[in-house]
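Contents: one structure, followed by commentary.
Quick caveat, the model's predicted, so the values are computed rather than measured. Quick note on labels: first sequence line is chain A, next is B, and so on, each numbered from 1.
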4 protein chains.
Amino acid sequence: MTLADSTAGQRGTPARGRPRSEALEHAIIEGVLTLLEDGVPLAELSMERIARTAGVGKATIYRRWRGKEELFVDVVRAAEPAEPLLPGTSLRDDLVVMLEWMRRRGLAGRSSAVLRNVHAQMKSSPRIWAAYETSVVRPRRNALVEVLRQAQQRGEIRADVDVRLAYDLLTGPMLLRSVLRPDGDLPEDLAERIVDTVMEGLCPPAGEPPR
Amino acid sequence: MTLADSTAGQRGTPARGRPRSEALEHAIIEGVLTLLEDGVPLAELSMERIARTAGVGKATIYRRWRGKEELFVDVVRAAEPAEPLLPGTSLRDDLVVMLEWMRRRGLAGRSSAVLRNVHAQMKSSPRIWAAYETSVVRPRRNALVEVLRQAQQRGEIRADVDVRLAYDLLTGPMLLRSVLRPDGDLPEDLAERIVDTVMEGLCPPAGEPPR
Amino acid sequence: MTLADSTAGQRGTPARGRPRSEALEHAIIEGVLTLLEDGVPLAELSMERIARTAGVGKATIYRRWRGKEELFVDVVRAAEPAEPLLPGTSLRDDLVVMLEWMRRRGLAGRSSAVLRNVHAQMKSSPRIWAAYETSVVRPRRNALVEVLRQAQQRGEIRADVDVRLAYDLLTGPMLLRSVLRPDGDLPEDLAERIVDTVMEGLCPPAGEPPR
Amino acid sequence: MTLADSTAGQRGTPARGRPRSEALEHAIIEGVLTLLEDGVPLAELSMERIARTAGVGKATIYRRWRGKEELFVDVVRAAEPAEPLLPGTSLRDDLVVMLEWMRRRGLAGRSSAVLRNVHAQMKSSPRIWAAYETSVVRPRRNALVEVLRQAQQRGEIRADVDVRLAYDLLTGPMLLRSVLRPDGDLPEDLAERIVDTVMEGLCPPAGEPPR
DNA sequence: GCCTAACCGAGACGGTACGTCACGTCTTTTA
DNA sequence: TAAAAGACGTGACGTACCGTCTCGGTTAGGC
């Protein structure tokens, strides 16, 4: 599930020596999250400080993660709230639930601080970012794209619309507000407004006379 | 124009001693851009290496910028292509030109590498990011928001649409593709497709029977 | 005999559980000696490497010795060749045998490498050095000093000579050559030459005219 | 003179950049000596502590010496008292002055602590010990051996005595007492007694009847 | 022939020091 | 005074070893 423990995950070896404590993995990640929530700037998050905060030796961290960036992948994972169950009652309901989840994620709590900082840090390392993208972002996108595709087959979406583009049209604006924009405001009805506006379009219905 | 020169910008001093070489500022910024274009990971861009690449002493850099992040602000500025002149022939034309500019920016050359990396790095420093946001991003946004506002007054956009939201609906998807998504594909007609789809909406016109 | 086994040496407890393997003590000490003979620098003799070489867990070593220095005491002991039986035929014979033993000790094999290296290391720990000095060096010195004292009583040594000084006059030079001097040459007749020269003196017999 | 600054000692280069502060070299070495005099065990003399004591960055030490052992060579050098001027009035006078200098060296002050500890440490690294032996010990030995050789030509030493052996016969005992023996006593007349006894021999003059 | 305590290999664990590297400042010489 | 060069204090990096601790798995008694 995590990037940690990757080398110890081999099956077949009957687990020699003292096993790694799973509790420590949690302690380390939780320690990082607590520091971030407390407003510690990312630049001050040295491995030494992380180890000290978690009450752990540095080697214990390096035994689990290859470096700071790999650790941050698991930190971001741990910070993300559980993905929502889509109600499936209608396309609009599913989209609103998904975007509302994204909105809340950027609002407060751990995910907010983590998203705005560590996200950016991870992008600096293409290798790490790719790992995160593959294991976290892409599956989530694929799920919602599939929802859109089925809606298109039901006729709820115009047949000539590229569902991948539709996905970006819906999530791009929310991502812009909740992650990229510093201090961006996220009003409560933002998800609904994005979904409704994108689905209906910016232009007035044809045939309606310009005011 | 740049953040550089901040300390030497005092007028009144009759410029004693050897004057600062303006050429060096360019040499430094160009050196960083060349390194980035050559695929040097951001983590390996130390001040020491930057100085060596530019054939310049470290003090010469620190005389011009307070630190690495401030230097990067000017690097990002130098990498960004000139903003496009909006034709003004129609709302659609203006939007397509703007989004096409964003698309090209993320395609190749220096701006691409810079956007994907240094952007992210700057986000880690709230102070620096705020400076960049205020002096570069916000004016550009304000300009386009004003375009949208005038179109709304002309009736080209529904009266009940929040123009700030409209801005995000249009630029969010393009940002998502051109900056955030690694190796995202950017087809030539992407700008047009985003503008048209957002303006007309995802749903089929009312009254039209589902397939 | 050794420093090992110190904790298990308690009598009274009827020795429950699996007894310690005596073979392992030998394996560990022999492993260290083999490494030293193979020219491994003392600085690379980590407990981890010692354990690996002996095919033994680290705890197995720490169960027997308190630390590296205490282990080295037993290593030095194991490396030292058996002390010679003094013939007792004459003072000169006894001294030559003793010094010849010291000479051979510094020549080759395990004792040489150990003397030149581990000896020095032990000196860095006063506690350990004192233990070694008390249990190994001092008895040997006392024995030879007693030989000298008896020879003095027999008139073989001048009555005004301090026998403790005499001991140093005889062994000091050999120690200097066989332990302290790197690559010092140790000719076969060295012991005889030292003994004879010290006993007779450097100066020509009085009354003999300077050449 | 010292091992430090070895790389910067190239002539021809016109000394670009800020020159290394000679004062810091002294500060570092003096710091180590002070710690040793204060009884700090050698094992606690980490580079980090040395740097902290001298008020110096670690890099400043590593810029001058390759590692701890090379630093210790210069520390030992600095601790050694100035070599005595031999009076030249007679062989006996020269020898007594030299051995008395060795005795005092082992008595107190910095040289004592340094000799007993760092000496031993240096021996653990053959490379370092060889450097020390070549640049410090050997010249001193050569000087005294030359004195002995000339005395032999004057007839003050028996013609059949090997002067190199004579050197060891004289210095070996003093070294044994002043450096190797822990808590060895060094009476004031030790130098004289060693010189006189070695020169005259342990045995009573021939022809004298055993008492 | 079990039972059980201690031993054993392996290796995780909290520490500490290593030697390197980068930061931002400073101190030289040269222009 | 600017500039190149590079020394400087600071502090993080990732590695290695220390001595301790926990695992599963042996290996001897004592019953």
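Rounded to an integer number of Å, the gap from CZ of C/Arg16 to P of E/dC2 is 20 Å. If you measure from atom CD of A/Glu25 to atom P of E/dA12, you get 12 Å, rounded to the nearest angstrom. In this entry the distance linking CH2 of B/Trp65 with C1' of E/dT25 reads 18 Å, nearest Å. In this structure, D/Arg52 places its CZ atom 11 Å from C1' of E/dA17, rounding to the nearest Å. Here the P atom of nucleotide E/dG24 and the CD1 atom of B/Ile50 are 10 Å apart, to the nearest Å. Following rounding to the nearest Å, A/Arg20 (CZ) and E/dG14 (C1') show an atom-to-atom distance of 16 Å. Taking atom CZ of residue D/Arg49 and atom C1' of nucleotide F/dG9, one finds them 20 Å apart after rounding to whole Å. With rounding to whole Å, A/Lys68 atom NZ is found 7 Å from F/dG14 atom P.
The minimum heavy-atom distance between B/Ala54 and B/Ile28, with the atom names listed, is CB-CA, 4.0 Å. The two residues C/Trp65 and C/Asp74 make their nearest non-hydrogen contact at NE1-OD2, 2.7 Å.
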Protein-nucleotides 24-28 of chain F N/O pairs closer than 3.5 Å?
{"from": "F/dT26", "atom 1": "O2", "to": "C/Arg18", "atom 2": "NH1", "distance (Å)": "2.8"}
{"from": "F/dT27", "atom 1": "O4'", "to": "C/Arg18", "atom 2": "NE", "distance (Å)": "3.3"}
{"from": "F/dT27", "atom 1": "O4'", "to": "C/Arg18", "atom 2": "NH1", "distance (Å)": "3.2"}

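In this structure the side chain of C/Tyr62 never reaches within 4.5 angstrom of the side chain of C/Glu70, judged on heavy atoms. Using a 4.5 Å heavy-atom threshold, the side chains of B/Leu24 and B/Ile61 count as separate.
Of the residues in residues 53-62 of chain C, those with a non-hydrogen atom less than 4.0 angstrom from any atom of DNA chain F are C/Lys58, C/Ala59, C/Tyr62. Annotation: proximity of residues 41-48 of chain C to DNA chain F (heavy atom, distance under 4.0 Å) is found for C/Ser46, C/Met47, C/Glu48, numbered in ascending order.
The nearest heavy atom of DNA chain F to C/Gly67 and to D/Leu24 marks one nucleotide each, and the one closer to the 5' end goes with D/Leu24.
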Side chains of residues 33-47 of chain A: which donor-acceptor partners sit under 3.5 Å, not counting sequence neighbours?
{"from": "A/Thr34", "atom 1": "OG1", "to": "A/Glu30", "atom 2": "O", "distance (Å)": "2.8"}
{"from": "A/Glu37", "atom 1": "OE2", "to": "A/Arg110", "atom 2": "NE", "distance (Å)": "3.0"}
{"from": "A/Glu37", "atom 1": "OE2", "to": "A/Arg110", "atom 2": "NH2", "distance (Å)": "3.0"}
{"from": "A/Ser46", "atom 1": "OG", "to": "A/Arg49", "atom 2": "N", "distance (Å)": "3.1"}

Check against side-chain contact (heavy atoms from CB on, under 4.5 Å), C/Val73 and C/Arg77: CA-CA 6 Å; C/Val73 173; C/Arg77 273 188 187 137; 4.1 Å; yes
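Shown here are the ring pair (Phe, Tyr, Trp, His ring centres under 6.0 Å) partners of B/Phe72, two or more places apart in sequence or in another chain: there are none. Judged as a side chain to side chain donor-acceptor pair (under 3.5 Å), and not counting sequence neighbours, A/Lys68 has no contacts. For C/Tyr132, the side chain to side chain donor-acceptor pair (under 3.5 Å) partners two or more places apart in sequence, or in a different chain, are C/Glu80. The side chain to side chain donor-acceptor pair (under 3.5 Å) check on A/Ser21 picks up nothing, with sequence neighbours excluded.
Taking every side-chain heavy atom of C/Arg63 into account, E/dC8 is the closest of E/dC13, E/dC8, F/dG9.
Looking only at distances, a side-chain donor or acceptor of C/Arg64 sits under 3.5 Å from a matching main-chain atom of C/Thr60.
Distances shorter than 4.0 Å separate some side-chain N or O of A/Arg64 from OP1 or OP2 on E/dC13.
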